[in-house]
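Written out below as structure tokens is the structure these notes cover.
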Amino acid sequence: AQRVTQPEKLLSVFKGAPVELKCNYSYSGSPELFWYVQYSRQRLQLLLRHISRESIKGFTADLNKGETSFHLKKPFAQEEDSAMYYCALMSGGYQKVTFGIGTKLQVIP
Amino acid sequence: NAGVTQTPKFQVLKTGQSMTLQCAQDMNHNSMYWYRQDPGMGLRLIYYSASEGTTDKGEVPNGYNVSRLNKREFSLRLESAAPSQTSVYFCASSAPDATNEKLFFGSGTQLSVL
């Protein structure tokens, strides 16, 4: 069975500090991994996915198959980054998307 | 272009009452999904519909039924609501284009069952 683990329910950092939101997964095949974000009073939306190898709003995430991790990083946190972040794993099409429990990022001014 | 629209946004039910959550998308997506979001549990798939006329169970289907009325609409029905169904419900859709795969979410329905 596939599983996504986000060990931190809440992460508080000061503005300008580096951010790392952790995500580990378990899956026997080749997964596709995503980060979704939900800002206050907004709907859940895709932030980035590993196959794109892109940087969105300064965030990057690298898939580490050896450590089965897909941590989300940003070198300098901004107040507008405060949101709920979900790591997700997809296998065999979207009906098999598994989400983590989410990490609430709080950026302190 | 509204994306994915869910109604209602809030609902309070008594145990045993029934209700239907409505979802519509205007992006011509084939696939639609219903998730529930609970504290400490993340998002869990209730039902999905890969295309018009087909529906399949997800991870937590018990106590729910769905209808894919047409390509645009995918409703979720609680026949006899229970307190365990208190949750935030999200509808989502996804595009058939494999080069731009992502889920588009509705704004959610906050349901309380007393």
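Chain A is the first sequence line, chain B the second, and so forth, proteins listed ahead of strands; every chain is numbered from 1.
- Using a 4.0 Å cut-off between charged side-chain N and carboxylate O, R44(B) and D38(B) make a salt bridge.
- For an aromatic pair to be called close, the ring centres must be under 6.0 Å apart, and H29(B) with F104(B) satisfies this.
- Look at E20(A) and K73(A) and you find a salt bridge, because one of the NZ, NE, NH1 or NH2 atoms lies within 4.0 Å of a carboxylate O, short of that distance.
- Counting only distance, with no hydrogens or angles, the side chain of R77(B) and the backbone of E79(B) share no donor-acceptor pair below 3.5 Å.
- Annotation: side chain of Q6(A) is not in contact with side chain of N24(A) (no heavy-atom distance under 4.5 Å).
- Only the side chain of F90(B) comes within contact range of chain A, with heavy atoms under 4.5 Å apart.
- Heavy-atom neighbours of Q42(A) CD from other residues, nucleotides or ligands within 6.0 Å: above the threshold of 12.
- Counting only distance, with no hydrogens or angles, the side chain of Q85(B) and the backbone of G63(B) share a donor-acceptor pair below 3.5 Å.
- Looking only at atom types and distance, the side chain of Y39(A) has no donor-acceptor partner in the side chain of S82(A) under 3.5 Å away.
- When heavy atoms are compared at a cutoff of 4.5 Å, Q38(A) approaches chain B solely by way of its side chain, counted from C-beta outward.
- Rounding to the nearest 0.5 angstrom, the gap separating the CD atom in Q37(B) from the OG1 atom in T109(B) is 12.0 Å.
- Two rings, from F105(B) and Y36(A), have their centers less than 6.0 Å apart.
- Below 4.5 Å, heavy atoms of chain B meet heavy atoms from F99(A), G100(A), I101(A), all part of residues 98-109 of chain A.
- Contacts of residues 14-24 of chain B with chain A at a heavy-atom distance below 4.5 Å are absent; not one residue qualifies.
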